[in-house]
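Just below is one structure, and these are the notes that go with it.
Within every chain, numbering begins at 1; the chains are lettered A, B, ... in the order of the sequence lines, protein sequences first and strands thereafter.
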Protein chains: 2
Amino acid sequence: MPDAADADGLTVGQVSTHLSVTVRALHHWDEIGLARPSLRTTAGYRLYTAADLERLHRIVVYRELGLGLDRIRAVLDDPAADVPGALRAQRAQVAERIDRLRQLSAGLDRMIDAHERGLLLTVEQQAAIFGPGWNPDWPAQARQRYGDTAQWSQYAERSATRGPQEWQAISDAVASLDRALADAMDAGVAPGSPEANHLVERHRDVFASSYFPLSRQMQVCLGRRYEADPAFAAHYDGIRPGLARWLRRVIDASARAHGIDPDTATWA
Amino acid sequence: MPDAADADGLTVGQVSTHLSVTVRALHHWDEIGLARPSLRTTAGYRLYTAADLERLHRIVVYRELGLGLDRIRAVLDDPAADVPGALRAQRAQVAERIDRLRQLSAGLDRMIDAHERGLLLTVEQQAAIFGPGWNPDWPAQARQRYGDTAQWSQYAERSATRGPQEWQAISDAVASLDRALADAMDAGVAPGSPEANHLVERHRDVFASSYFPLSRQMQVCLGRRYEADPAFAAHYDGIRPGLARWLRRVIDASARAHGIDPDTATWA
DNA sequence: CTTGACCCTCACGTCGCGTGAGGCTGGAGG
DNA sequence: CCTCCAGCCTCACGCGACGTGAGGGTCAAG
């Protein structure tokens with residue numbers, strides 16, 4: 001009889017294995033007076049009687065249903081307690097929590113998608129919004145290159161909240177800016193002139209509100225890439241031949257006016 | 001310009017309304033170093049710059065996704081952090097929690113049902129298990145009378161875990177006991193005899209393992225009700241005429257042998 | 001007599017703040 | 001000038017249900 005009880009009660013360890021609760025939990029329930037053992041040995045060992053076990057078992061049952069210890073205490077100590085009512089209230093709470101978690105899961109799905117694809121639009125929607133010059137592979141390529149930067153994370157966080165309407169607004173803003181840049185170049189606006197600098201600020205604003213905050217230094221790097229990267233250059237030169245180069249020079253001049261040497265500017 | 005920022009930063013209250021977070025949360029994030037304001041006034045007022053607001057906004061976004069502050073810190077501070085991985089892990093956790101909550105909700109449903117109906121069986125199942133003498137209105141009547149007692153709660157808790165098989169076992173045990181009682185009466189077993197007392201103990205065991213723990217005092221009350229209540233009496237007298245009365249006398253005699261006066265015994 | 005498993009009582013840590021207490025600060029009005 | 005009041009500050013405890021040691025007795029077996 002290694003574990004067969006001294007007839008007058010079980011110790012915490014024995015109860016613990018019987019009911020699959022931790023010893024600490026039994027201690028806790030004793031501390032708060034939820035379930036005290038009827039007996040103690042002279043050495044202070046807790047001894048739980050059969051009646052104690054009844055109560056403990058009931059506690060375990062209601063605890064598994066997610067009720068708080070206070071509510072359990074009420075249910076056990078007041079025989080006239082409205083048990084079904086308490087259970088229904090609990091069920092309602094659980095339903096609410098499930099709902100919240102589902103919404104949360106949906107949000108996580110969106111965010112994961114945004115991080116991985118960069119754009120929560122179908123290819124058709126992309127074509128309709130960004131026009132014929134758009135290549136649906138671009139977001140994937142961008143993620144390939146910049147996916148492990150903080151900027152990509154920030155961009156993804158914003159993308160997760162953007163639908164077709166928001167992207168249409170961005171597309172419109174970019175197109176409008178491109179036209180203004182082309183018009184300015186046509187009109188002979190010189191790098192460093194107030195008009196040119198104003199356009200550079202506008203570019204920074206549009207970019208920042210579309211993608212992620214852009215420092216002047218970063219803008220310089222971006223201007224260089226506009227000219228050097230074939231895809232970007234094709235975009236701008238497709239609007240007006242020489243526009244990529246002109247834009248780079250305009251950005252450089254503006255940076256210089258703000259005390260930045262464009263030749264040593266760094267992205268970070 | 002009542003709230004238009006002193007150009008160099010926003011105070012906690014302003015940020016709080018902008019981002020819909022509590023002032024205390026901002027304090028907390030400052031305390032743990034998750035988001036400290038870049039500036040302080042000479043009086044110690046926190047001033048959050050535009051860059052600070054960026055960070056705060058990202059924190060809010062990830063917090064709404066249910067990430068812990070430590071994980072958010074990792075995501076924000078390490079640009080190479082595996083954000084989609086962290087999000088997917090979070091999604092898995094959320095899925096698990098939803099699952100657990102659903103099981104919990106199902107358990108609550110069962111328990112509510114058990115409390116209200118007393119028996120989680122269809123009428124057909126009840127007829128098949130308890131035989132032709134069974135009246136499907138009995139559980140509802142029992143609940144009507146005893147629904148606000150602790151015993152009913154204990155009985156309901158057990159019922160919630162019982163299916164047709166368990167009820168069949170109980171029905172068999174009760175039928176077997178009834179047969180044994182009838183045989184004993186037929187054989188002329190006298191109240192107070194060892195055989196009779198043994199049967200009383202067996203009745204107490206069967207009842208306790210079927211419904212709820214039964215003290216000897218409660219058993220006496222039950223014996224009286226067996227004789228006085230027409231439904232119970234009809235059950236026992238249907239097995240053998242006079243069995244209800246005989247059983248009551250047998251229980252009384254056993255109680256007396258245990259030092260209980262059956263005429264003053266109380267239920268509680 | 002020792003070993004090792006079991007028990008005891010403190011008492012702090014968890015997680016993300018809520019909620020005061022007690023006391024400055026800063027701008028508006030008298 | 002003073003006062004008022006909203007808003008800010010720093011502690012510091014509280015929550016819920018225990019987990020996790022620390023430090024030390026107890027008990028049956030070898």
Length of the line joining [X]:[atom1] and [N]:[atom2], which is rounded to integer Å:
{"X": "A/Q93", "N": "D/dG16", "atom1": "CD", "atom2": "P", "value": "12 Å"}
{"X": "A/Y45", "N": "D/dC27", "atom1": "OH", "atom2": "P", "value": "6 Å"}
{"X": "B/E31", "N": "D/dC11", "atom1": "CD", "atom2": "P", "value": "9 Å"}
{"X": "A/H28", "N": "D/dC15", "atom1": "NE2", "atom2": "P", "value": "11 Å"}
{"X": "B/Q14", "N": "D/dA6", "atom1": "CD", "atom2": "C1'", "value": "13 Å"}
{"X": "A/L10", "N": "D/dC27", "atom1": "CG", "atom2": "P", "value": "17 Å"}
{"X": "A/D70", "N": "D/dC18", "atom1": "CG", "atom2": "P", "value": "12 Å"}
{"X": "B/D30", "N": "C/dG16", "atom1": "CG", "atom2": "P", "value": "16 Å"}

OP1 or OP2 of [N] versus the side-chain N and O atoms of [X]: is any pair under 4.0 Å?
{"X": "A/R46", "N": "C/dC8", "result": "yes"}
{"X": "B/H27", "N": "D/dC9", "result": "yes"}
{"X": "B/W29", "N": "C/dC17", "result": "yes"}
{"X": "B/R24", "N": "C/dG20", "result": "no"}

| field | Pairwise 5' ranking along DNA chain D for A/T42 and A/L26, keeping only the more 5' one | value |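 Upstream on the strand: A/L26.
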| request: Nearest-nucleotide wise, let me know which of A/A43 and B/R40 is further upstream toward the 5' end of DNA chain D. | output: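 Mapping each residue to its closest nucleotide by heavy atoms, the 5'-most match is B/R40.
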| task | For the residue pair A/Q151 and A/Y211, establish whether any side-chain heavy-atom pair is separated by less than 4.5 Å. | result |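 Not touching, per the 4.5 Å side-chain cut-off.
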| Do B/R162 and B/L121 have side-chain heavy atoms sitting under 4.5 Å apart? |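 When only atoms from C-beta onward are counted, B/L121 and B/R162 do not touch, as no gap falls below 4.5 Å.
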| Ion pair A/R73/A/D77, N-O distance below 4.0 Å |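 Looking at A/D77 together with A/R73, the answer is no, because their closest N to O distance does not fall below 4.0 Å.
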Applying a 4.0 Å non-hydrogen cut-off, can you work out what [X] is touching in the nucleic acid: base, sugar-phosphate, or nothing?
{"X": "B/L69", "answer": "sugar-phosphate"}
{"X": "A/R71", "answer": "nothing"}
{"X": "B/V23", "answer": "nothing"}
{"X": "A/T41", "answer": "nothing"}

| field | Candidate nucleotides D/dC18, D/dC8, C/dC8, ranked by approach to the side chain of A/A25 - the nearest | value | D/dC18
| Nearest to the side chain of A/T22 - D/dC18, C/dT9, D/dC8? | D/dC18
Is it the case that more than 12 heavy atoms not belonging to [X] sit under 6.0 Å from its [atom1] atom?
{"X": "A/H57", "atom1": "NE2", "value": "no"}
{"X": "A/Q144", "atom1": "CD", "value": "no"}
{"X": "A/H198", "atom1": "NE2", "value": "no"}

| query | So, do A/Y146 and A/Y155 have ring centers that fall under 6.0 Å from each other? | reply | no
| note | Heavy atoms of B/R91 and A/S105 approach each other most closely as CG-OG, 3.9 Å
| task | Determine to 10° how strongly the helix from C/dC1-D/dG30 to C/dG30-D/dC1 is bent, judged from the axes of its five-pair ends. | result |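 Inter-axis angle at the ends, rounded: 30°.
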